Amino acid sequence: MSTLNAQPVGAPTPPDALPQTLNSGKCGMLCLIASEITFFGTLLAVYLFYIGKDPVGTPTPAEMLDVSVAPLKVVFNSIFLLTSSIWITLAVRQLARGNIKAFAVWWLLTILFGLEFLVGTGFEWYGLIAEQGFTIRTNLFGSGFYTVVGFHAAHVTIGLFLLSLVFVLTCLGKMHQRHTEKVELLSWYWHFVDGIWIVVFTIVYIIGH
Amino acid sequence: MTTLDHPGNPTRIKPTFLGRMHEWIATADHKKLGVMYVTTGLIFFLIGGLEATMMRWQLAVPGSTLLSPSDFNRLFTMHGTTMVFLVGMPILLGVANYFVPLQIGARDLAFPRLNAFGFWLFFFGGLLLYFSYFGAQGLYGMGSAPDVGWFAYAPLTERTYSRGHSTDYWILGLLVSSFGSIATGINLITTILTMRCRGMTLMKMPLLVWLMLIDAVLIMIAMPPLAAAQVMLLFDRLLGAHFFDVQGGGSAILWQNLFWFFGHPEVYILILPAFAYVSEIIPVFCRKVIFGYPLMVAATVSIGFISLGVWVHHLFALGLSPMVNTIFMGSTMLIAIPTGIKMFNWVGTMVGGKIRFDTPMLFSTGFLALFLIGGLTGIMLSVVPFDWQVSDSYFVVGHFHYVLFGGLVFSIFAAIYYWFPKVTGRMMNEALGKWQFWLLFLGFNLTFGPMHVSGMLGMPRRIYTYHADRGWDLWNLLSSIGVLVQIAGVAFFVWNVIHSLRKGREAGADPWDAWTLEWSTASPPPDYNFEEIPEVYSRRPLWDIKHPDDPDWKYE
Amino acid sequence: MHRRGTAAIRNALTRCMLPAILAALTTTDALATAPVCDSGTAPSPTMFAPRSVPAELILDLSWLVWAICAGIFLIMEALIIWCIVKYRRSKDDRTEAPQVYGSNPIELAWTVVPTLIVFVLFLVSARTIFEIDKSTPPEGSLEITVVGHQWWWEFDYPEYGFITANELHVPLTRNGERVSIYLTLESNDVIHSFWVPQLGGKKDVVPNHINHLWLEPTMPGTYVGQCAEYCGTQHANMLITVVVHPEEDFEAWVAHQQKDAVHDMSVATGRDLFLRTACINCHTIRGTVANGSFAPDLTHLMSRSVIGAGVARNTPANLHSWVDDPQILKPGCRMPSMKLDQNGVDEIVKYLLTLK
Ligand code: HEA
Ligand code: HEA
Ligand code: CUA
Ligand SMILES: [Cu+2]
């Protein structure tokens, strides 16, 4: 029925209905991030709800996250994670300019900084679990702590996996300027993972004790 | 589904059986996936209906011993879970899959492979749930289905009170299938926002597309919290965490809040598509444009919005403070306003129309009559003191079957009769359709009407038996008889589908003389949907073509 | 009492309801005043025959709610039917109907009118909520603690210092004045819900969370209800009996319950067997070493008309079956079969039968 496309006499020319700034990739990524936010929002709401409600009492967040230099280490790790967001922005900018080498460097830096964070979390957990015997079963605080921080770490891991994939492709010479948009979407995800860490950090390490 | 290759596609070489299977399994085409979703949903509907039949059989007379208590408890858990997650969800996603791209003039969803992935997640999630019947005890012994009710209140779901793995299957099955739903929801939002054809501004989208957009947004917002809650429950059960473990300080109230924060939007996720179907069907069969389109859109958006803030009405008997109860009573009642607007606008569309009572319209009218009842009992339930009496009684069971069966399922049948010709190229049989309608209408009211009475006479839900001295016998017997009539109705439907697939009258592209884009292409539509991507000038592009003297774009 | 006045209107309204409900009502009305303590004629737990102030308040409000909804129902269904009849297309009319795109004044009207209705309904209901939901006990009320167990009820009378099970006894008056009953609800395991429709709305019984429920009976009688939140296998048989006594009867009942179990030498064999068996780990019989708290207190078992939280009448035959294997009468219940020989069962039942 090709008549569909014939503009009727007198009808105003139809506008192009679609928003210019929003393509499928961006829209999909934004939706994914929105649903992730409600997921983390729920976990964090539960964490907040249970603060100070532990009948077992010990160990309290203050004890676990305060003794020794744990928080300092966490702050240190967090700085790594957060700055990786800067590097990834720079990397995307380089790719947009077609500067593949510079892109690769910034990209690698992002991965290394993210990795540092993950390793740092690993050490923190090792300390808590192996040395202090504090696990997910210990008490309510343990359950909340490992679930929230663990899910965040899982997201970092997924992010790192995808970043590494891009890096490998770059090394194989498969990344080009025209991939900027896809890489940018990945960087949005990474920003989200960083952003949510700020919230997790605030709730678990600052408000939480 | 041999039928899809009807004579309209003569160029096809007849594929082998395996080839055909492969074609369906490996497909990423939104139309094939849509058909797979709906077919799976209908099969699960029969299974869920069978479970309901067994329950009604047990409850027909007091003191019956046909089923053991735990078997009965498994049945209502599986029935509720199946109907909500494995019937309502796939059918709404399937219809959206098929018709959203067609109605906005697109060739597929935004992410076809994600779409296929979503379907298979749903499918295997459903299988996982049912596998519990065989495997829930692990390697030793027989399996058994979950018996915790469809909202699985903690701490009954904790390891202390629910041994074996049946509850784990409930969690995992739903977790997997709801990830599928979230993926498809995101896919729908993206498709609607970024793939409309030229001329289709937001305010020129068919109402179905609007409703599915809001629906998908609700899916995106409300389902992840359920996933989070289920993950925490799973950690409790498998790793020994304490989120909902009351001995360890966990909170039973928290689970209820988390579940219903999802659960209430979920029931609107189920009913918005019903609204969508009748919003398409009623105008076509009344030969009139939908009354008050802009207000319909506004009502849809506000229903979506309000529905996120009413979940506590499932918790009125929980002992929250009177202030909290009062506030949520208010927010719940607010929903009557936009829903009422919709009801009035549908009826307003009928007024002055030239109504054609073919089966789709019959079911849509049934929807109006029955959903109204369910909605009004909903308003009664939102009155907190009244809810204190009838909460968790058969009155509630009556309420939600009126909205879910009278509302959702009736509209699903309307949709199937309406779009079957488009999907298969053949009309469904009108006579059989009318039989089905009247049997279902009668059986439905006979089954679920009396439940309101038995509820107000003090009969709680989820009881496997009751004593003869309580005054509930008659009502339960009536309910159980009603199911027999319903079964006859469903049988007519099954027969009609089989019969029409083989012998149905050829439909042609536009059998109902309708107005939206899907009717502008062949039935069944070719793989690429439209030869040329269409361009639209109004909400009813085909009306404009059929009535060049009086086109819609002059009035919008 | 002004409620008496409204009762007449209410009854009048009751009679104009659907004949169906009417039938149910008249029977229950008659039964509700049946002789106290006679479990053979347990009345139907209907909300239409309130016997307590909160239940009356709810019913009063419900009439309004039903009236409003019935009105909307009638108008809407009439409209739909009118459309069906009036606007059905004539056989060979192939023309389109006149296209009406909408109408602002009409649409405004059907936005505003429901808003007003909802507003009124909200205000009236809110008032009743605050009237019924009492967070502190009214003055002079009798406080009782209710503990939900899978699948039976424990009733604790701190004021009188004894515990009983499954049958709640309360007075109608104290010192000649109507008395409020203020229940404290606790759960020992999962969520239950306490619901006796003739006395009031239900309230959940939640672990780790204390709830309160206010009742104020207006008439002596036996009222039934049951657990209303799904709580596992035997949720269906977690029944409640509430007996509202005239003042003197209640005092006599209390005095009896406060006593320790009788010590009847003629059933010493059964008694010894009971005390030697694991029964005592779960059950309490005051005056013996049995002091378990997992299961119903048996001190005055025979003063109750039912066993197993209402699953069966308390007859010697049922007791025998229960002690032999509780899973027959109440499959899935938390009391295991104690695997006694028939003689042992006989002796224990003989002993239990003396626990008046
Ligand atoms: C499709 C699903 C669906 C829909 C659409 C609804 C719609 C509504 N529901 Fe329902 N509900 C369920 C599915 C649904 N419900 C389910 C499954 C449960 C039980 C879950 C479980 O426990 O297992 C439940 C339970 C439930 C409860 C909890 C009961 C309890 O357990 O104690 C309440 C309480 O407020 C409630 C209220 C409402 C209200 C106010 C609406 C409103 O949206 C209705 C609005 C519609 C109308 C009012 C009619 C049309 C309007 C007019 C004609 C305008 C004029 C009207 C007025 C001014 C009043 N519902
Ligand atoms: C879309 C949702 C939906 C639908 C359509 C239905 C349909 C039906 N439901 Fe539904 N029901 C729920 C959703 C739904 N239900 C939910 C959410 C619950 C709460 C669960 C819980 O408490 O956890 C519930 C609970 C519930 C109860 C309360 C159980 C209890 O509390 O103890 C009852 C009792 O009668 C019942 C009955 C029925 C009946 C008779 C039908 C009928 O209308 C069914 C009609 C279908 C048929 C008659 C098909 C029959 C077909 C065959 C028999 C052939 C089978 C052949 C093959 C499989 C090859 N349901
Ligand atoms: Cu206790 Cu149901
Ligand atoms: Cu709800």
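Protein chains get the first letters and strands the later ones, always in sequence-line order, with residue 1 at the start of each. Computed from a predicted model, the values in this text were never measured in an experiment.
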- Part of Val311(C) within contact of chain B (heavy atom distance under 4.5 Å): backbone
- Task: Flag the pair Lys202(C) and Asp392(B) as a salt bridge only when some basic side-chain nitrogen lies within less than 4.0 angstrom of an acidic carboxylate oxygen.
- Result: no
- Query: Given that the side chain runs from C-beta out, which part of Arg334(C) has a heavy atom under 4.5 Å from chain B: side chain, backbone, both or neither?
  - Reply: side chain
- Item | Which portion of Ile81(C) sits near chain B, non-hydrogen atoms under 4.5 angstrom | neither
- Query: Aromatic rings Trp66(C) and Phe48(C): how do their planes relate, parallel, tilted or perpendicular, breaks at 30° and 60°?
  - Reply: parallel
- Task: Under 4.5 Å heavy-atom distance to chain C, tell me which part of Val148(B) shows up: side chain, backbone, both or neither.
- Result: backbone
- So what's closer than 4.5 Å to chain B heavy atoms on Trp110(C): side chain, backbone, both or neither? both
- Query: Heavy-atom distance under 4.5 Å to chain C: side chain of Phe386(B), backbone, both or neither?
  - Reply: both
- Residue among Phe367(B), Phe371(B), Phe285(B) satisfying ring pair (Phe, Tyr, Trp, His ring centres under 6.0 Å) with Trp346(B): Phe367(B)
- Query: Is it true that Tyr402(B) and His452(B) have ring centroids separated by less than 6.0 Å?
  - Reply: yes
- Which bit of Ile129(C) is near chain B, if near means a heavy-atom gap under 4.5 Å: side chain, backbone, both or neither? both
- Side chain, backbone, both or neither: which part of Leu318(B) has a heavy atom under 4.5 Å from chain C? both
- At a heavy-atom separation under 4.5 Å, does Asp552(B) approach chain C through its side chain, its backbone, both, or neither? both
- Please flag which part of Ala336(B) lies under 4.5 Å from any non-hydrogen atom of chain C: side chain, backbone, both or neither. side chain
- Task: Check each atom of Asp189(C) against the heavy atoms of chain B and say whether the ones under 4.5 Å are side chain, backbone, both or neither.
- Result: both
- Message: So for Ala154(B), is it side chain, backbone, both, or neither that comes closer than 4.5 Å to the heavy atoms of chain C?
- Response: backbone
- NE2 on His149(C) to SG on Cys227(C), rounded to 0.5 Å: 12.5 Å
- Query: Which atoms of Phe395(B) come close to chain C, meaning under 4.5 Å heavy atom to heavy atom: side chain ones, backbone ones, both, or neither?
  - Reply: neither
- Atom CZ of Arg461(B) and atom CD1 of Ile463(B): how far apart are they, to the nearest 0.5 Å? 11.5 Å
- Measure Leu372(B) against the heavy atoms of chain C and call it side chain, backbone, both or neither at under 4.5 Å. side chain
- Query: Side chain, backbone, both or neither: which part of Phe244(B) has an atom under 4.5 Å from a heavy atom of chain C?
  - Reply: neither
- When the 4.5 angstrom heavy-atom criterion is applied to Leu474(B) and chain C, the contacting part is neither
- Distance-minimising heavy-atom pair for Thr332(B) and Ser382(B): CG2-CB, 3.4 Å
- Message: Does Tyr101(C) form a side-chain contact (heavy atoms from CB on, under 4.5 Å) with Tyr293(B)? I'd like the steps, not just the answer.
- Response: CA-CA 8 Å; Tyr101(C) 292 82; Tyr293(B) 175 97; over 6 Å; no
- Report the C-alpha separation of Lys203(C) and Asp133(C) in whole Å, then their side-chain angles, then the decisive distance to 0.1 Å, and conclude whether the side-chain contact (heavy atoms from CB on, under 4.5 Å) test is met. CA-CA 10 Å; Lys203(C) 187 112 352 115; Asp133(C) 204 337; 3.5 Å; yes
- Non-hydrogen atoms of chain B under 4.5 Å away: do they reach the side chain of Ile117(C), the backbone, both or neither? neither
- Would you check if the distance from the ring center of Phe328(B) to the ring center of His313(B) is below 6.0 Å? no
- Tell me, side chain or backbone of Ser187(C) under 4.5 Å from chain B's heavy atoms, or both, or neither? neither
- Task: Give, as side chain, backbone, both or neither, the part of Ser90(C) having an atom under 4.5 angstrom from any heavy atom of chain B.
- Result: neither
- Query: Between Thr233(C) and Trp151(C), what is the shortest heavy-atom contact and its length?
  - Reply: N-CZ2, 3.4 Å
- Task: Verify side-chain contact (heavy atoms from CB on, under 4.5 Å) between Ile373(B) and Glu77(C), making sure each step is shown before the conclusion.
- Result: CA-CA 9 Å; Ile373(B) 300 178; Glu77(C) 300 287 1; 3.9 Å; yes
- Note on the structure: Whatever's closer than 4.5 Å to a heavy atom in chain C on Glu158(B) counts as neither
- Given a strict heavy-atom distance threshold of 4.5 Å, which part of Ile335(B) is in contact with chain C: side chain, backbone, both, or neither? neither
- Query: After noting the C-alpha distance and the side-chain angles of Trp195(C) and Trp388(B), does the key distance pass the side-chain contact (heavy atoms from CB on, under 4.5 Å) rule?
  - Reply: CA-CA 9 Å; Trp195(C) 185 29; Trp388(B) 283 334; over 6 Å; no
- Message: Between Ser64(B) (side chain only) and Leu59(B) (backbone N and O only), is there a donor and an acceptor less than 3.5 Å apart?
- Response: no
- Against chain C, label Arg539(B) side chain, backbone, both or neither, depending on which of its atoms sit under 4.5 Å from a heavy atom there. neither
- Engaged part of Val206(C) at the chain B interface, taking heavy atoms whose separation is under 4.5 Å: side chain
- Query: chain C heavy atoms under 4.5 Å from Met323(B): which part of the residue, side chain, backbone, both or neither?
  - Reply: both
